[in-house]
2 protein chains.
Amino acid sequence: MALEVVLKLENSTYLKDPQGSEIGKKIIKSSIVLISELGYEHFTFKKLAFEIKSTEATIYRYFENKHKILVYIMELYWSYIHLQVLMAIREINDTHKKIEKIIDLLVWEDNQDVSFGGYDQSSLYKICITEGSKAFLSKEVESLNKQKLFEPYKELVEMIAAVFKVHNPDFKYCRSLASSLIELSHFQYYFMHHLPRLADLPEKTPKSLEIYLSHIVFGALNFR
Amino acid sequence: MALEVVLKLENSTYLKDPQGSEIGKKIIKSSIVLISELGYEHFTFKKLAFEIKSTEATIYRYFENKHKILVYIMELYWSYIHLQVLMAIREINDTHKKIEKIIDLLVWEDNQDVSFGGYDQSSLYKICITEGSKAFLSKEVESLNKQKLFEPYKELVEMIAAVFKVHNPDFKYCRSLASSLIELSHFQYYFMHHLPRLADLPEKTPKSLEIYLSHIVFGALNFR
DNA sequence: TTTTAATGATAGTAATACTATCATATTTAA
DNA sequence: TTAAATATGATAGTATTACTATCATTAAAA
């Protein structure tokens, strides 16, 4: 299956819509590869300009600064997961199975078979694991938040929380559990690969991470 | 109660031990205040030098770069929590109560009454909430890890994991649960204050966060 | 009291994160 | 078809950052 998906982001993450031009698309594609290779801190507009065979000036016409590019990429990720989850759980009736599916979609295999905007899937996953939280852990949160930059994250959390709510209407922390699930799926993946003494997932398989996350989610939902 | 605690860190976080001189202590104290005020990204050696009425050159004799200062501060935090937990749970026999105490110590009230090294407690907490994960989410992890820079975090996780293991010897993810607990205590605190739609803790009280974390931990430990 | 170590003062460099300007190419609209 | 608008390229320049290096001065230790 090769499904083409194009997600349109509507907010002030960018100055000029990168989806609207060839060079804009190259900016996003190359940013994803570069940030995952160099790490966010070592990623610069100069390196990106060289990569897309253009100039810094051009990039600045699309994005105010590199942080906005990171936020844009994370918005792509959140919207993408949102869409994937929506499509996948539609046909499932059992909430337990829905939740298992959500966990499955949050933990990516190396071979993601759904192409999406032509972006490098494994680079995108690397970024959301290692750089994702840097999108909102900054002094500028309040201002970025006012500009609705984290809307896709919030919508994803609310959608997952709604599934939790159906599973257990008495559970009071559905949103917290949803955001915890998303963050933990990244952090535990990172720990199992880079700081293994902070986790007990020696096999380093997506499956073992999914089992751990299931314990967390169903443990909390079925508590008491 | 005013308890004086001095923690000695033994590794290559620093070039010259900041605890060994007045100016060294000022570097740490002011870094804690400055990073919490400006955020890690806007914190520079120049601003720090101005604050301690010294020069950049002097700071470079203590720390290679600002990232090492952040790691040093996080090591202080992890060691401090470790010590607090050790002292607190010694006299508790019931593992359930031990775990509740751990959660209590991870979530700080505004008025921490235990002075520790003369550092500003609320600034230290702010840093570990907002900047903490930046200490290890970097391309340099592997190298920093080889230099044993995350040892205090690992020891804290292993200590908490040991308590979980006594509570439920069959639970297979004690380390992951411990690191999850620590990270979630920071992230959910951050969400409840800055991105409230990602959490359901409208009261924004330490207590409500502790209750949520208890659900996660005991939910997972008592699962099935 | 002499050596050693710590700090201060100063200078300099390469890279980063921008801002600004003008020319040129391309697209669109009158 | 031509004029106007828009997008990009080329280039330059600035303030700040993240260092490295050197030498003088001061304080502490032998």
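The sequence lines fix the lettering, A, B, ..., with proteins before strands; numbering per chain opens at 1.
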Just checking, K134(B) and Y40(B): is the charged tip under 6.0 Å from the six-membered ring centre and within 45° of the axis?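 Output no; distance or angle outside limits.
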
Could you state the [atom1]-[atom2] distance from [X] to [N], rounded to the nearest angstrom?
X      : N       : atom1 : atom2 : value
I69(A) : dT16(C) : CD1   : C1'   : 15 Å
F50(B) : dG8(C)  : CZ    : P     : 15 Å
I59(A) : dT16(C) : CD1   : C1'   : 13 Å
K46(B) : dA15(D) : NZ    : P     : 12 Å

Closest to side chain of [X], choosing from [options]:
X      : options                   : result
Y60(B) : dT16(C), dA17(C), dC19(D) : dC19(D)
K16(A) : dT16(C), dT8(D), dC19(D)  : dT8(D)
E56(B) : dT7(C), dA18(D), dT11(D)  : dA18(D)

Would you check if the distance from the ring center of Y60(A) to the ring center of F63(A) is below 6.0 Å? no

Is there a side-chain contact between [X] and the phosphate of [N], meaning an N or O under 4.0 Å from OP1 or OP2?
X      : N       : result
T58(B) : dT7(C)  : no
Y62(A) : dT8(D)  : yes
T44(B) : dA18(D) : no
T55(B) : dT10(C) : no

K139(B) side-chain N/O to H42(A) backbone N/O, donor-acceptor pair under 3.5 Å: no

Please determine, by modelled atom types, if Q147(B) and S143(B) share a side-chain donor-acceptor pair under 3.5 angstrom. yes

Taking for each residue the nucleotide of DNA chain D bearing the nearest heavy atom, is the 5' side occupied by S54(A) or by R61(B)?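 Its nearest nucleotide being more 5', the pick is S54(A).
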
Whether over 12 other heavy atoms sit under 6.0 Å from K154(B) NZ: yes

Both E41(A) and K53(B) contact DNA chain C. Which one's nearest nucleotide lies toward the 5' end?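 It is K53(B), whose closest nucleotide lies nearer the 5' terminus.
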
More 5' along DNA chain C: E22(B) or K66(A), using each one's nearest nucleotide?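 The residue mapped nearer the 5' terminus is E22(B).
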
